[in-house]
Amino acid sequence: MARYNPKDVEPKWRAAWADADVFRVSNDDPRPKYYILEMFPYPSGAIHMGHVRNYAMGDIVARYRRARGHAVLHPMGWDAFGMPAENAALERGVNPKTWTYANIASMREQLKLLGLSIDWSREFATCDPEYYGQQQKLFLRLLKRGLVYRKEATVNWDPVDMTVLANEQVENGRGWRSGALVEKKKLTQWFLRITDYADDLIEGLATLDRWPDKVRLMQENWIGRSTGLQFSFDFAGVAPAGFESGIEVYTTRPDTLFGASFVGIAPDHPLAEQLAANDPKIVEFVADCRRGGTSEAEIEGAEKLGLDTGLRVTHPFTPGQTLPVWIANFILMEYGTGAIFGCPAHDQRDLDFARKYGLPVTPVVLPADGHPATFMVGSEAYTGPGRIFNSGFMDGMTIEQAKAAAVTRIEEAGKGKGAVVYRLRDWGISRQRYWGCPIPIIHCKTCGTVPAPEDQLPIALPDDVSFDRPGNPLLRHPTWRFVACPTCGGAAERETDTLDTFVDSSWYFARFANPQAAEPVDRAAVDRWLPVDQYIGGVEHAVLHLLYARFITRALKDEGMVSVAEPFAGLFTQGMVTHETYARQSGEWVEPSFIAFETEGGIRRARLTETGEALVIGDIEKMSKSKKNVVAPEDIFEQYGVDAARLFVMSDSPPERDVQWTTGGVEGAGRFVQRVWNEFDTEIQAPADAVQDPRGDELRRATHKTIKAVTDSIEQFRFNSGIARLYEFLNVLKGFPANDGGVAVARGEALSALARLISPFTPHLAEECWVRMGGKGMIVDAPWPPFDPALATDSELVLPVQVNGRRRGEIRVAPGADEAEVREKALADADVSVHLEGLTVRKVIVVPGRIVNIVVG
RNA sequence: GCCCCAGUGGCGAAAUGGUAGACGCGGCAGACUCAAAAUCUGCUUUCUGCAAGGAAGUGCUGGUUCGAGUCCGGCCUGGGGCACCA
């Protein structure tokens, strides 16, 4: 029996698919469309096991949909702008463009090894001028729509990458890419009005029924909609210049207004800044506040700091009462109005502050559970439900009633109104970097900021740049910056900031519909393909890419460029590939390929192959170069074949969960490949004159059950279960050997089904098996096997029989047996009746096709 | 602190409220072999029993149900998200 050799077979089929161009899909294809997309990769230069899992998952779906008769759009591209290219330039002196395209070339070859059913004719990179030129056009359209604006703002500055970051790109006070502590800096920046779409983005979440709840929840929390009251406190006495209308505050608890004991403003509030001009104490205090870091630990332990400005405001409901105005370090200028009223009894931060500075604490919500009206707050603010008291006209109301009453009263007095506030901020898109899409704007001393004319696009990046100094080389370029103003013709300068790379990935899925279009998106093509039916990627983009893409798609819709508001109808977030870690006694990490394993008395040990030094087997963690717990996909392909690697990363865990890479596991997948192949061995044949016998029926039932189960598994993204069914089926098949003429026909059907069922998972193997069994054409063009529901059940059911919920015996019945018959059989069963002796049968529950439970007492 | 998710054999895991542990890994035993590798066959939750069988068992603890890994309440542990957001 010949062995299956993936090293010969796999390249052969990849070449055959490419030669026949089977995965190219036309926009005119009349079949129902299916758009499957995996998040496109950053071209780092090498693929890793995470890519293998991500793209194998998409490929399973793509190949399955093809077989089901869909016109499948399954494209690939490169998210090619970004910092690493500039870092390479800095460290190795290579040009970012050269570096990036070289990486793309090598990664393309590696990805092609995976045998993915991708339409490579649609490939593009976001750093192609043809792509970013269209993006510049798109930017200008959004500018015209009023969705782009420029303002000076306090921004997150990453001192290592020397650029600005959006709020979404700051994690625990650190840059998402560099890990550097983010600083606050005032800069003039370009912004996109994502907040205009805040409500719409929340409402849209409800329509995304094929998105994980987790991601929808994360987006909802990120947008952070809250309803409350925005109003002004009037100054008691003379108001500071410019603040004649008082201090504007925002609150979600207008019901606690009678418990207010101070008004607080942020250290960078305009009023604080104005007061500081004449008061060195305030200058010093504000500086103190800034000193506190932004890291998690520092915020956690930060003490409440405050300074009384000496100013007083009047309470809106009790005119005689005044409240002091404090500057407080825990108030954020970025949220609401940058000013609050403090109600210490019902807000923990206000309480901590009040206790420290001796401000009054007046409870106004009486807990519902029978507290006396003398209820007082100690060191813990009361935030639970109850009735309002100590509150004049609101006394006796519920919290909800009081909120409404307070809002009405303030609105009637013309002091403010009910307001909705979001945690979401506008998206800062300026980056002080070279390797990104140039912002198509020209700054003219006479005309101000002027959009670049469309016919001058693309505004291409210059290639002749130097990275001998930190900072943005576009700023230092001798000629690139200097242009004539498109309006007045005078001397002007280009904007040297480039767009955040998340802009690049916010519309690429629409470009795939027609990557050659003269407009950013080809409306007809996009209407043909969007929305993406199934999107697959990592959960780390839950509030980054996935929120931005939803926003941009809405903006494009309003601009009349696309028809859909939601770009991704279905989303699947896949788990990571993990691996054990190994370290020397010294703590130095060791690569798995240098290690020999042994098992002694059930304990696994690891040693350095070369020296025999004992190693420590550490935690199972995400594969990463820093921990050296990586296996190179190419080495695995070489050793076990691509199909085995694909099969293993899909088989061992549910796709949304992490999978642990193990050598044993991939060996098992390799064995499966070999065993499948053996079943298709043409050298072992049944004699031609063999006579059919009824055992074939049993095999046919197993075949149809397997088709049903595997189909369901793929539809429901339960690839691990589907693969388990295939293993099981193979075990069944071994009971009906090839040289047994009595089952030859049923076996032929079984093999035909098996080859097609494995084709999404192990496509090369499937093709080779298809040839061996004499299949017509290539299996990629073969239809998905249908199943006969009548055959997808057992010919005889084995029903367990319980007595009082304990399994006591089993009976055999025909699938459609009526209840009376089942009941009778169950009661008559010898194993069961032993347990019924001397007891009264009170009830017999028959669950058809499932179980019988006899209740006795 | 708030919100969300998950806890099942030695390990990865499977189970529309209906036989818990499918399938794979590992382990043990056997076949083949001079031997090893590869391959094949069987066993492999725990306790008890010669066996047939019996009992216990899905983090802990109550409950709903004829029946709970699955549903509900409380707790414990682990993971993720947000976090001085008014």
Side-chain angles (χ1 to χ4, degrees), chain A residues 1 3 171-172 212-222 224 226 228-229 249-253 256 264 266 292 296 299-300 302-304 328-332 334-343 346-350 352-353 383 421-424 539-540 542-543 578 599 602-604 620 647-648 651-654 656-669 671-672 674-675 678 718 720-731 734 798-810 831 842-857:
Chain A
M1 205 191 310
R3 271 188 77 77
E171 294 164 356
N172 291 331
D213 291 343
K214 182 168 84 166
V215 174
R216 292 194 288 179
L217 197 69
M218 280 166 71
Q219 291 211 354
E220 194 176 333
N221 290 341
W222 186 265
S226 77
L229 171 66
V249 302
Y250 173 74
T251 180
T252 56
R253 294 296 304 271
T256 63
E296 197 179 0
I299 288 174
E300 193 87 37
E303 210 181 326
K304 301 275 179 290
N329 67 339
F330 66 95
I331 300 163
L332 306 172
E334 303 89 67
Y335 186 77
T337 61
I340 61 157
F341 76 81
C343 176
H346 304 292
D347 182 289
Q348 193 58 47
R349 292 154 304 172
D350 297 349
D352 295 344
F353 188 77
T383 55
V421 163
Y422 302 92
R423 211 187 75 101
L424 182 73
V539 73
E540 67 272 16
V543 288
T578 63
T599 310
I603 298 166
R604 247 172 96 245
I620 295 153
L647 187 67
F648 174 60
S651 69
D652 224 32
S653 289
E656 70 277 12
R657 229 182 283 178
D658 291 351
V659 67
Q660 188 192 341
W661 183 271
T662 61
T663 305
V666 72
E667 281 169 354
R671 268 197 292 275
F672 176 79
Q674 200 63 242
R675 286 171 59 208
N678 293 343
R718 289 173 11 199
N720 56 326
S721 294
I723 292 166
R725 293 284 88 78
L726 290 168
Y727 273 91
E728 223 173 317
F729 185 51
L730 188 64
N731 291 338
K734 294 182 90 68
V798 179
L799 296 188
V801 180
Q802 298 181 331
V803 177
N804 283 350
R806 284 173 183 281
R807 187 180 177 283
R808 295 302 183 187
E810 58 187 35
D831 292 332
R842 302 213 184 274
K843 204 172 173 185
V844 179
I845 292 142
V846 177
V847 183
R850 279 289 181 185
I851 202 167
V852 180
N853 193 9
I854 301 168
V855 185
V856 295

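The basis for the numbers below is simple: all heavy atoms, side chains too, and nothing from hydrogens, waters or symmetry mates. All chains are named by letter (A, B, ...) in the order of the sequence lines, taking the proteins before the strands, and each is independently numbered beginning at 1.
- Ile331(A) comes within contact range of at least one nucleobase, with a heavy-atom separation under 4.0 Å.
- C11(B) and A22(B) have their P atoms separated by 15 Å, given to the nearest Å.
- Using a 4.0 Å heavy-atom criterion, one finds that Tyr250(A) contacts the bases of the nucleic acid, with or without backbone contacts as well.
- Separation of atoms CD (Gln674(A)) and CZ (Arg3(A)) is listed at 4.0 Å; rounding is to 0.5 Å.
- Residue Gly668(A) is classed as a sugar-phosphate contact, given heavy-atom separations below 4.0 Å to backbone atoms only.
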Original post:
What's the verdict on side-chain contact (heavy atoms from CB on, under 4.5 Å) for Thr662(A) and Phe648(A), showing C-alpha distance, side-chain angles and the deciding distance?
Top reply: CA-CA 9 Å; Thr662(A) 61; Phe648(A) 174 60; 3.8 Å; yes
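- Nucleic acid contact for Asp352(A): none, since no nucleic acid atom lies under 4.0 Å from a heavy atom of the residue.
- To the nearest angstrom, P of C84(B) lies 14 Å from CD1 of Ile340(A).
- At a threshold of 4.0 angstrom between heavy atoms, the contacts of Val844(A) with the nucleic acid are absent.
- Checking the phosphate oxygens (OP1, OP2) of G24(B), no side-chain nitrogen or oxygen of Tyr727(A) falls inside 4.0 Å.
- The interatomic distance linking Phe330(A) (CZ) with A86(B) (P) rounds to 13 Å, in whole Å.
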Subject >> side chain to side chain donor-acceptor pair (under 3.5 Å) between Arg842(A) and Asn804(A), worked out >> reply: CA-CA 10 Å; Arg842(A) 302 213 184 274; Asn804(A) 283 350; over 6 Å; no
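- In the set C23(B), A86(B), A83(B), the nucleotide with an atom closest to the side chain of Trp222(A) is A83(B).
- Atom P of nucleotide C3(B) and atom CE of Met218(A) are separated by 17 Å, given to the nearest angstrom.
- Between Arg807(A) and Val543(A), the residue whose closest nucleotide on RNA chain B is further toward the 5' end is Arg807(A).
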Original post:
What is the per-nucleotide protein-contact pattern of nucleotides 4-15 of chain B, from the 5' end, where B denotes a base atom under 4.0 Å from a protein heavy atom, S denotes such proximity for sugar-phosphate atoms only, and - denotes neither?
Top reply: S-------BSSS
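- Using P as the reference atom, C3(B) and G54(B) are 47 Å apart when rounded to the nearest Å.
- Mapping Val798(A) and Lys734(A) onto RNA chain B by nearest heavy atom places Val798(A) closer to the 5' end of the strand.
- Asn720(A) places no side-chain N or O within donor-acceptor distance of the main-chain N or O of Asp652(A), the cut-off being under 3.5 Å.
- Checked against C40(B), A86(B), G18(B), the side chain of Thr252(A) finds its nearest nucleotide in A86(B).
- Here, C43(B) and U33(B) have their P atoms 24 Å apart, quoted to the whole Å.
- Residue Arg671(A) places its side chain closer to G26(B) than to any other of G26(B), C82(B), U41(B).
- Between Phe330(A) and Ile340(A), some side-chain heavy-atom pair lies under the 4.5 Å cut-off.
- When the nucleotides G26(B), U19(B), C23(B) are ranked by their closest atom to the side chain of Pro800(A), U19(B) comes out on top.
- Rounded to whole Å, atom P of C85(B) lies 18 Å from atom CD of Glu220(A).
- For the pair Asp831(A) CG and G53(B) P, the interatomic distance rounds to 8 Å; values are reported in whole Å.
- Taking the six-membered ring for Trp and thresholds of 30 and 60 degrees, Phe672(A) and Tyr727(A) have ring planes inclined between 30 and 60 degrees apart.
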**OP:** Treat a base pair as Watson-Crick or G-U wobble with both distances under 3.5 Å, then lay out RNA chain B in dot-bracket form, 5' to 3', with | for cross-strand pairs.
**Re:** (((((((..(((.....[....)))((((((.......))))))((((....))))..(((((..]....))))))))))))....
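- Comparing U39(B), C23(B), C85(B) against the side chain of Glu728(A) picks out C23(B) as the nearest.
- Of the candidate nucleotides G18(B), C3(B), C84(B), C3(B) has the atom nearest to the side chain of Asn221(A).
- Salt bridge status for Asp213(A) with Arg216(A): present, with a side-chain N to carboxylate O gap under 4.0 Å.
- Atom CZ in Phe353(A) sits roughly 13 Å away from atom C1' in A86(B) (whole-Å rounding).
- Looking only at distances, no side-chain donor or acceptor of Asn853(A) sits under 3.5 Å from a matching main-chain atom of Ile845(A).
- Heavy-atom minimum distance, Ala542(A) versus Gln219(A): O-NE2, 2.8 Å.
- Using a distance-only test at 3.5 Å, with no hydrogens or angles considered, no donor-acceptor pair links the side chain of Arg808(A) to the main chain of Asp831(A).
- Rounding to the nearest 0.5 angstrom, the gap separating the NE2 atom in His346(A) from the OG1 atom in Thr256(A) is 7.0 Å.
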With the criterion being N/O to N/O and under 3.5 Å, what pairs connect the protein with nucleotides 62-69 of chain B, and how long is each?
{"residue": "C66(B)", "atom": "O2'", "partner": "Asn853(A)", "partner atom": "ND2", "Å": "3.3"}
{"residue": "C66(B)", "atom": "O2", "partner": "Asn853(A)", "partner atom": "ND2", "Å": "2.6"}

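- Atom-to-atom, CZ of Arg3(A) to C1' of A37(B) comes out at 11 Å; the value is rounded to the nearest Å.
- Between G42(B) and G57(B), the distance separating the two P atoms is 32 Å to the nearest Å.
- In G9(B) the O4'-C1'-N dihedral to the base is within 90° of 0, which defines a syn nucleotide.
- An OP1 or OP2 oxygen of A56(B) is reached within less than 4.0 angstrom by a side-chain nitrogen or oxygen of Arg806(A).
- Between Val539(A) and Lys214(A), the closest side-chain pair of non-hydrogen atoms falls below 4.5 Å.
- For the pair Tyr422(A) OH and A86(B) C1', the computed distance is 17 Å after rounding to whole Å.
- Taking every heavy atom of both residues into account, Gly336(A) and Tyr250(A) meet most closely at CA-CB, 4.4 Å.
- A distance of 9.0 Å separates OG1 in Thr337(A) from CD1 in Ile331(A), rounded to the nearest 0.5 Å.
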